[in-house]
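Read the structure below first, then the notes.
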Amino acid sequence: MFKLIEGKAIAQSIRAEIREKVAAFKAETGNEIGLAVVLVGENPASQIYVRNKIKACEEVGIKSYAYYLPEAVTQNGLEELLSSLAQNDEIQGILVQLPLPTHLSDKALKLIPDGKDVDGFSENNIGRLCLNLPATVACTPYGVMKMLEYEHIEIRGKNAVVVGRSNIVGKPMAMLLMNADATVTVCHSKTKNLKEQCLKADILVSAIGKPKFITSDMIKEGATVIDVGMNRDENGKLCGDVDFERVKEKCSYITPVPGGVGPMTITMLMYNTYLAALRSKN
């Protein structure tokens with residue numbers, strides 16, 4: 001019998017803790033905690049993500065600063081905004097909603113100071129994660145680790161398989177699991193014998209972006225399955241990378257889509273912003 005890992009409920013619990021911490025920070029310092037969110041263009045999915053982030057800020061007591069730039073903004077225009085936000089003491093966290101329009105280079109993100117990089121994407125933060133040093137960790141993999149922690153799922157000594165090697169999810173996910181003493185295999189589009197690799201997994205994390213790609217014959221009996229995917233099936237319905245209805249019969253724990261990893265991502269962004277404010281105060 002499987003257990004559903006309900007990210008929405010875990011996220012609500014963590015947000016309540018963050019709200020208390022933010023209130024205590026304000027009471028002690030007399031200052032707000034500020035998060036700047038930059039959106040370029042009018043990508044509908046990006047607009048939804050930004051709205052959800054602003055709503056989460058309101059929920060936990062963080063002050064949000066939203067900057068909406070036109071699709072045609074120049075590289076210089078984006079960089080000037082990021083430079084000014086980097087120097088603004090009222091803002092402890094900066095994030096640029098990705099993807100950027102194709103005419104813009106993500107080199108602009110280098111202008112976000114490491115201390116304000118609440119997405120955990122900077123070279124220094126990624127490098128420190130690889131060295132198992134204190135770092136701001138990318139929100140989605142950080143959220144996955146919190147879910148495993150909340151469910152008391154043992155990581156040490158377990159075989160973990162991460163399907164996907166993106167800089168945003170796959171690579172930091174693998175590093176976090178390795179730092180928690182799992183034996184980690186990273187699979188991707190060029191991996192041979194993917195099914196055989198997945199069948200070894202006590203913990204499987206899929207972040208490949210293909211609807212229902214992970215099938216029940218790829219899952220070891222009793223495995224923990226974390227579905228990071230957010231896709232549309234043939235009927236236009238939201239679904240993950242995992243064929244949930246069939247896979248759930250074989251695993252011990254599984255995350256749903258929606259309502260699994262998604263709510264955790266924005267929650268950990270709020271937590272990273274609080275931690276950034278704490279560091280700037282100290």
Side-chain angles (χ1 to χ4, degrees), residues 1-8 10-11 120 126 129-130 132 137-231 233 238-265 268:
M1 183 69 181
F2 73 93
K3 182 178 181 191
L4 204 60
I5 306 178
E6 298 190 51
K8 192 173 181 181
I10 297 170
I126 292 168
L129 175 61
C130 290
N132 202 10
V137 179
C139 303
T140 299
Y142 195 8
V144 170
M145 295 301 285
K146 281 289 180 186
M147 293 170 97
L148 295 172
E149 179 187 320
Y150 262 67
E151 294 293 345
H152 306 289
I153 294 167
E154 183 67 45
I155 299 173
R156 178 177 294 171
K158 296 299 176 72
N159 288 326
V161 173
V162 179
V163 185
R165 56 176 171 180
S166 72
N167 294 333
I168 293 172
V169 180
K171 288 176 185 173
M173 188 76 254
M175 284 296 155
L176 285 167
L177 289 164
M178 202 182 302
N179 292 345
D181 296 325
T183 300
V184 181
T185 302
V186 179
C187 299
H188 45 79
S189 59
K190 305 296 187 294
T191 298
K192 294 180 179 177
N193 304 319
L194 178 63
K195 177 180 170 181
E196 285 78 2
Q197 298 292 347
C198 291
L199 281 167
K200 299 174 187 173
D202 301 306
I203 300 168
L204 185 138
V205 181
S206 182
I208 201 166
K210 294 184 178 179
K212 301 181 183 178
F213 180 80
I214 303 294
T215 51
S216 63
D217 62 341
M218 300 167 75
I219 300 298
K220 175 182 177 180
E221 284 284 349
T224 293
V225 179
I226 307 291
D227 191 349
V228 181
M230 185 66 79
N231 314 294
D233 66 13
L238 272 178
C239 69
D241 292 349
V242 175
D243 186 355
F244 180 87
E245 289 303 323
R246 292 180 175 85
V247 167
K248 70 181 184 183
E249 303 305 330
K250 286 187 77 174
C251 57
S252 55
Y253 293 88
I254 189 168
T255 60
V257 176
V261 176
M264 294 297 295
T265 298
M268 300 323 293

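On a predicted model such as this, the values are computed, not experimentally measured, just so you know. If you read the sequence from its start, that first residue is 1, and numbering goes on from there.
Atom-to-atom distance recorded for I168:CD1 and M173:CE is 14.5 Å, nearest 0.5 angstrom. For the atom pair CZ (R165) and NZ (K190), the distance works out to 6.0 Å, reported to the nearest 0.5 Å. One distance of note links NE2 of H152 with OH of Y253; it measures 8.5 Å at 0.5 Å rounding. Rounded to the nearest 0.5 Å, atoms CD1 (I214) and OG (S206) are 4.0 Å apart. One finds the OG1 atom of T140 at 14.0 Å from the CE atom of M145 (value rounded to the nearest 0.5 Å). Expressed to the nearest 0.5 Å, how far OG1 of T191 lies from CD1 of I208 amounts to 8.0 Å.
Side-chain contact between P256 and L4 is present, with at least one heavy-atom pair separated by less than 4.5 Å. In this structure, C187 and V161 have side chains that are in contact, with non-hydrogen atoms separated by less than 4.5 Å. You'll find the side chain of L176 reaches within 4.5 Å of the side chain of V137, heavy atoms only. Side-chain contact between N159 and T185 is absent, with no heavy atoms from C-beta onward closer than 4.5 Å. Using a 4.5 Å heavy-atom cutoff, the side chains of I155 and D181 are not in contact.
When the side-chain hydrogen bond (donor to acceptor under 3.5 Å, both in side chains) test is applied to T255, no partner is found at least two apart in sequence or on another chain. K250 is linked by a salt bridge (Lys or Arg N to Asp or Glu O under 4.0 Å) to nothing, counting only residues two or more places apart in sequence or in another chain.
A pairwise comparison of heavy atoms in V228 and A207 identifies CB-CB, 3.9 Å as the closest pair. Between P141 and V169, the shortest heavy-atom distance links the atoms CG-O, 4.0 Å. Scanning both residues, G7 and M264, for their nearest heavy atoms gives O-SD, 3.7 Å. For the pair S166 and P172, the tightest heavy-atom approach, listed with the atom from each and the gap, is O-CD, 3.8 Å. The shortest heavy-atom contact between G170 and V162 is O-CG1, 3.8 Å. A pairwise comparison of heavy atoms in G229 and D241 identifies CA-OD1, 3.4 Å as the closest pair.
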Practice prompt. Evaluate side-chain contact (heavy atoms from CB on, under 4.5 Å) for I10 paired with E151, printing each intermediate quantity in order.
Written response: CA-CA 9 Å; I10 297 170; E151 294 293 345; 4.2 Å; yes
Discussion item. Run H188 and V163 through side-chain contact (heavy atoms from CB on, under 4.5 Å) and show every step you take.
Written reply: CA-CA 6 Å; H188 45 79; V163 185; over 6 Å; no
Worksheet item: Could you go step by step and tell me if F213 and L194 meet the side-chain contact (heavy atoms from CB on, under 4.5 Å) rule?
Response: CA-CA 11 Å; F213 180 80; L194 178 63; 3.4 Å; yes
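A salt bridge links E245 and K248; the closest N-O separation between the charged side-chain nitrogens and carboxylate oxygens is under 4.0 Å.
When each of V205, V242, L204, I254 is paired with I226, the side chain to side chain contact (heavy atoms under 4.5 Å, CB included) condition holds for V205 and for no other. Partner of D202 under the salt bridge (charged side-chain N to carboxylate O under 4.0 Å, His left out) criterion, out of R156, K220, K158: K220 alone.
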